[in-house]
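Down below is the structure, laid out as structure tokens.
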There are 2 protein chains.
Amino acid sequence: MADDRPDLAAMVGRFGRTLMAAERPILAAHHVSMWGYVVLTALADEPMRTQAALARAIGADKTRIIADLDDLQERGLIEREPDPADRRVRLLRLTPEGRRVHTAVRRAIRAEEERLLAELPPADRRTFLRALQHLDPGTP
Amino acid sequence: MADDRPDLAAMVGRFGRTLMAAERPILAAHHVSMWGYVVLTALADEPMRTQAALARAIGADKTRIIADLDDLQERGLIEREPDPADRRVRLLRLTPEGRRVHTAVRRAIRAEEERLLAELPPADRRTFLRALQHLDPGTP
DNA sequence: GCGGATCGTAAGCGCATGCATATGATTGAG
DNA sequence: CTCAATCATATGCATGCGCTTACGATCCGC
């Protein structure tokens, strides 16, 4: 009677939670929160002109990330320079140290992902990642 | 410098949220909550002897699902019969109506999944599902 | 039989989240 | 110049969740 597989959402959800659980210790080891890492990743791609734009880009609440930004700035991982042309705005960018940390964390996370994906035959692994990229709605 | 793909967790997470968002209206149309559907799915596979066992099986808190069970029972979708052999225990099973509702919701969700997966070439689609089943930790 | 274990239920705590509102600085359009 | 809009920030509220504790009923091993 059944298709004999769990619902897609159930499988994706569980796998997602597995990934999160695997990443938590890595982030903790680098003293970066989940949102902190997301922020570093977004700023590693490109600096942002406003916090509101950053929040939109990463799908977070505008007020939600303030504390994380405070923390990252305090620890010298990002800069929040007031825009001389528009003094309402804070120009956001990584510091060299921020880039270093982001690269390190990213490398560790990638290694962990490889470990989890190692169960798959290489061909399946490639197809899986390609399919996932195609299904990923990105951050629009 | 980069592998030029988002982190696995980011892609899986976003896709998962897309799936959830797509399922919410379906569940609402059948007046079933997310947890309610999970419960129906678990009981569709096999009846349970205790609520604690059910909670373990679906990865929920034992106290968490009581309200959902109350609701499902009240609407005649599940039965919670006291075990004559052990009066602490409630035997849980679907009613015929419960099975009917679960089948209907499941069919609708599967159709929605197909719609989302339709973007993939059939071969990729098969490989993707196979890989996902392999990576899915299941419910141990 | 007694004591420890299990079950269902209720209640409360702490946390993260989404959502809304307020406010103070600043800009830009009319 | 004035007013609406934008931005960063602080604050409050409701929600949902995991976790813990408490309680009474019941079972089971000794």
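Naming: A, B, ... by sequence-line order, numbering from 1 per chain.
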Exercise. Of A:A53 and B:D83, whose closest DNA chain D nucleotide lies nearer the 5' terminus?
Worked result: A:A53

Exercise. Just wondering, are more than 12 heavy atoms of other shown residues or ligands nearer than 6.0 Å to CZ in A:R80?
Worked result: yes

Looking at [N], I'd like to know if its phosphate oxygens (OP1 or OP2) sit under 4.0 Å from a side-chain N or O belonging to [X].
X     : N     : answer
A:R88 : D:dA8 : no
B:R80 : C:dT9 : yes
A:Q51 : D:dT9 : yes
A:R90 : D:dT9 : yes

Tell me: [atom1] of [X] to [atom2] of [N], nearest whole Å?
X     : N      : atom1 : atom2 : answer
A:R49 : C:dT27 : CZ    : C1'   : 11 Å
B:R87 : C:dT9  : CZ    : P     : 16 Å
B:R56 : C:dC7  : CZ    : C1'   : 11 Å
A:I78 : D:dA8  : CD1   : C1'   : 13 Å
B:D71 : C:dT9  : CG    : P     : 14 Å
B:D68 : C:dA10 : CG    : P     : 13 Å
B:R24 : C:dG18 : CZ    : P     : 12 Å
B:L54 : C:dC7  : CG    : C1'   : 14 Å

Problem set entry | Near-ring test A:H102/A:Y37, centroid separation under 6.0 angstrom | yes

salt_bridge([X], [Y]) N-O dist < 4.0 Å:
X      : Y      : answer
A:R90  : A:D83  : no
A:R93  : A:E81  : yes
A:R125 : A:E113 : no

Problem set entry | Out of D:dC27, D:dC7, C:dT27, whichever nucleotide has its closest atom nearest the side chain of A:D86 | C:dT27

For this session: With DNA chain C as reference, determine whether A:D61 or B:A52 sits nearer its 5' end, using the nearest nucleotide of each.
Result: B:A52

Exercise. When we call it a touch if two heavy atoms are under 4.0 Å apart, what does A:T63 touch: a base, just sugar-phosphate, or nothing?
Worked result: base

